[in-house]
Number of protein chains: 2
Amino acid sequence: MKKVKLSEIALAAGVSRSTVSLALRGSPLIAKSTAEKVREAASELGYVYNRTAAALRNRRTHTIGLIEANFKNPFFAAMSESVEREIERVGKALLFVDSAESLERQQKAIQLMLEHGVDGILLCPVRHTTKENLEILKKAGVPFVLFSRYIPGFDADYVGGANVEGAYQAVCRMIQLGHKRIVFVGGEPYTSSWLDRVGGFRRAMVEAGIELPSPWYFCSEVSAAGGSSRVEEVLEVRPMPTAALCYSDTVAFGFMMGLERRGIFPGRDFAVVGFDDLPESRLWRPPLATLACPPTRVGSMAIQMLLERLDGDNTPPRRVEIQSILIERDSLSIGNIGKS
Amino acid sequence: MKKVKLSEIALAAGVSRSTVSLALRGSPLIAKSTAEKVREAASELGYVYNRTAAALRNRRTHTIGLIEANFKNPFFAAMSESVEREIERVGKALLFVDSAESLERQQKAIQLMLEHGVDGILLCPVRHTTKENLEILKKAGVPFVLFSRYIPGFDADYVGGANVEGAYQAVCRMIQLGHKRIVFVGGEPYTSSWLDRVGGFRRAMVEAGIELPSPWYFCSEVSAAGGSSRVEEVLEVRPMPTAALCYSDTVAFGFMMGLERRGIFPGRDFAVVGFDDLPESRLWRPPLATLACPPTRVGSMAIQMLLERLDGDNTPPRRVEIQSILIERDSLSIGNIGKS
DNA sequence: TCCTCCAATTAGACCGATTTAATTATACAC
DNA sequence: GTGTATAATTAAATCGGTCTAATTGGAGGA
């Protein structure tokens, strides 16, 4: 159990501590024969590299912080996966926190990451996050990239989906199919992604000269339970809506289940479009129309930007939007809606 | 961005480095007035505690490693959440890796965690993991707890669901409801959880003197897509099955969607039971009967056991099984199955 | 005044690697 | 044989806290 350290390998291999260090790091300064000898001694003794010690001297912990706002959302799970793969590829480790939409937890997580000396941070800010909340990251000088949500007026690297355009596109299509009474269902307000999606929705309605139902948006937790919980209220709107753009596919699932429970069949009696294109969406009955914005693209773009920053890229902050494309499926078919 | 360190605070506060360290750690040795002065100077200078440096001396990184085998599965996401909460509560950080059922990734993750000097590890071993693969953890002397899956013959702390009993219970109930031709759908073979669920299934059938369909189990990825992909094969079994126990709720969802696509209605034409009791399950149409084994219980039990080990508990390894209870819902109603 | 005791403070070794500058060994040319 | 260039190795300072053992200061007692 006692940890083996460099000096012990040095002793065993009959060289100095420096040589061992250099050899194990694969330095070209060390003769191949010596390096081999050292490596043998190391594995003989069961040596485990101590990254903590190295980091102290190095000022690089080879650790990346990932702060999610809601990782039970499958979209984020998929995104994290691609982030993780890339981090693994470059031999770093991932310090993970799910802030679960709690500002307090988020700020504590940031503090934790700073104390651990992470090389960089990927952050999806919780709702109500202000510029001031994130200023500490700039002060500390840690490279960081925001994903999925940005903070208006806060100049920082950002990668997310094209939410305004996505929502706009979906609503335009719904209108083209004959819908007029359309609502927006689900999502946590006070996040940029929600505001942007709602904004795109609104713009499409306004541009088409269609009056917004009242109320025209319904907030909820981002989950099936959230979507399901709003069905009743939506159905009470008069004149009754015929279509809904949902904040996410999970919300859409819940919403559709709720509709069915009331004998209203999505894709026949009511059009539903989601956001995310989860793998389940095309399996759903009816298959769910949705705005696809591959989480793996967002994730790999975000981590790539961060890694570039770690490599010393200090160009001005960039904003990257990943295109959202409308996948038309049966939940958006005309059915008998157009005529009603 | 130059990091502020203890010596600089010491200078500013007119005390020694030792005093600063002691004061910031809240040692009772330091006069309250001095401590206050130090704390002020520290925040004045924007000091950030360097856990890496402390860890080097301490031999405690205050870091816990979590190695998941499949965290896109919502069950594990929920479990991780409770683990995370507890880790946050005790002021530690979480080093996270999703091995995604890859033995190679898992072993690299273990190595990574050892190099980072995590205080302890929570591990859900991937399929095909052998005793030998995990021996390194014992050699290294890191406390660790297996969750959800154990390795037969490998003596280690373990927390998981009561899989044998759960499956047994569900199948008995199906039989009691009149089903005879029952199959097991989904899951990755060569994991203890799969083997146990399949084992419980088999036992119930054998004890009831019912012949197993041929084939009687169908493996798949643990996801809706996985469940959906097996529907065709299941429906080709002759005589045709009337009920399925699915490896997980996600598999059950996919399976049910596949059935419906073929005009077979779960809960009316075919009984389906899942495992996990996800929040969506009761919203499903029909609501999904399932074996509930709260992921938060598994998670908090696992982390609690680990923390006890960190506190020096060196009693023999424990095996904890969290009870699975059958939640009966419409997907398991009789419908016109019993008579067919 | 001197001594004792306790509280408060501090010096300095230590954790385990890294890395620069210095040293030693080796090869080659003349 | 000597000098020089190059390769290989190493000594030692360093990263930033921690913590024990030592020191200092002041109160109280005789």
Side-chain angles (χ1 to χ4, degrees), chain A residues 1-39 41-42 45-63 91 93 112 114-119 140-141, chain B residues 1-39 41-42 45-63 91 112 114-119 140:
Chain A
M1 305 315 129
K2 218 180 73 291
K3 296 261 170 58
V4 179
K5 47 184 177 175
L6 287 193
S7 57
E8 287 159 48
I9 300 173
L11 202 66
V15 295
S16 74
R17 207 163 81 255
S18 318
T19 303
V20 176
S21 173
L22 263 3
L24 293 182
R25 294 303 94 219
S27 161
L29 288 175
I30 303 300
K32 272 189 285 294
S33 58
T34 312
E36 183 51 32
K37 200 171 53 183
V38 168
R39 246 174 281 125
L45 296 171
Y47 174 70
V48 175
Y49 181 54
N50 184 332
R51 290 187 184 228
T52 306
L56 181 56
R57 175 65 219 249
N58 265 349
R59 313 171 126 290
R60 278 271 164 131
T61 56
H62 291 291
T63 283
L112 185 77
L114 294 180
E115 293 186 357
H116 268 284
V118 295
D119 296 341
Chain B
M1 298 338 116
K2 213 179 79 288
K3 298 259 169 60
V4 178
K5 47 184 175 175
L6 287 193
S7 57
E8 288 159 47
I9 300 174
L11 202 65
V15 295
S16 75
R17 205 162 86 258
S18 316
T19 303
V20 177
S21 173
L22 262 3
L24 293 181
R25 292 305 92 217
S27 162
L29 288 175
I30 303 300
K32 273 190 284 293
S33 58
T34 311
E36 184 52 32
K37 199 171 57 184
V38 168
R39 247 175 279 126
L45 295 171
Y47 173 71
V48 175
Y49 180 55
N50 184 332
R51 290 189 183 228
T52 307
L56 181 55
R57 177 64 219 246
N58 266 348
R59 310 167 131 291
R60 276 271 165 131
T61 55
H62 291 290
T63 284
L112 184 78
L114 293 180
E115 293 186 357
H116 270 283
V118 294
D119 296 340

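Bear in mind that the values here come from a model prediction, so they are computed numbers and not experimental data. So you know, we letter chains A, B, ... as the sequences are listed, proteins then strands, and number each from 1.
- Rounding to whole angstrom units, CG of residue A:L29 and C1' of C:dA21 are separated by 13 Å.
- The OG1 atom of A:T52 sits 13.5 Å away from the CZ atom of B:R60 when rounded to the nearest 0.5 Å.
- The structure places OG1 of A:T19 at 9.0 Å from NZ of A:K37, a figure rounded to the nearest 0.5 Å.
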Please assess A:I9 against A:L24 for the test side-chain contact (heavy atoms from CB on, under 4.5 Å), listing each intermediate value before the final yes or no. CA-CA 11 Å; A:I9 300 173; A:L24 293 182; 4.3 Å; yes
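- Following rounding to the nearest Å, A:E36 (CD) and D:dA8 (C1') show an atom-to-atom distance of 17 Å.
- Whole-Å rounding puts the A:L6 CG to C:dC15 P distance at 13 Å.
- Here B:V15 lies in heavy-atom contact (under 4.0 Å) with sugar-phosphate atoms only.
- The nearest whole Å value for the distance from the CG atom in A:L22 to the P atom in C:dG16 is 20 Å.
- For A:G91 against A:R51, the heavy-atom pair with the smallest separation is O-NH1, 3.2 Å.
- Atom CZ of A:R60 is separated from atom P of D:dG16 by 15 Å (rounded to the nearest Å).
- The two atoms that bring A:T61 and A:G117 nearest to each other are OG1-O, 2.8 Å, heavy atoms only.
- Rounded to whole Å, the distance from NZ on B:K3 to C1' on D:dG17 is 14 Å.
- Shortest non-hydrogen contact noted between A:A23 and A:A35 is CB-CA, 4.0 Å.
- Atom CZ in B:R25 sits roughly 15 Å away from atom P in D:dT20 (whole-Å rounding).
- In terms of phosphate contacts, B:S21 brings a side-chain nitrogen or oxygen within less than 4.0 Å of OP1 or OP2 of D:dT18.
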If you restrict it to nitrogen or oxygen atoms, what contacts under 3.5 Å exist between nucleotides 12-15 of chain D and the protein, and what is each distance?
unit_1, atom_1, unit_2, atom_2, d
D:dA12, N6, A:S18, OG, 3.2
D:dA13, N6, A:R17, NH2, 3.4
D:dT14, O2, A:R57, NH1, 3.0
D:dC15, O2, A:R57, N, 3.3

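- Residue B:L11 holds its CG atom at 11.5 Å from NZ of B:K5, rounded to the nearest 0.5 Å.
- Residue contacts shown for B:T34 are limited to sugar-phosphate atoms, with no base heavy atom under 4.0 Å away.
- Side-chain nitrogen and oxygen atoms of A:T19 include at least one within less than 4.0 Å of the OP1 or OP2 phosphate oxygen of D:dT10.
- Between the C1' atom of C:dT18 and the CD1 atom of A:I9 lies a distance of 14 Å, rounded to the nearest Å.
- What you find for B:E8 and B:L45 is that their closest heavy atoms are O-CD1, 3.9 Å.
- Checked against C:dT9, D:dG17, C:dA17, the side chain of B:I30 finds its nearest nucleotide in C:dT9.
- Counting only residues at least two apart or in different chains, side-chain hydrogen bond (donor to acceptor under 3.5 Å, both in side chains) contacts with residues 20-36 of chain A comprise A:E36-A:R39.
- With the end axes of the helix from C:dT1-D:dA30 to C:dC30-D:dG1 each set by five pairs, the angle from one to the other reads 60° at 10° resolution.
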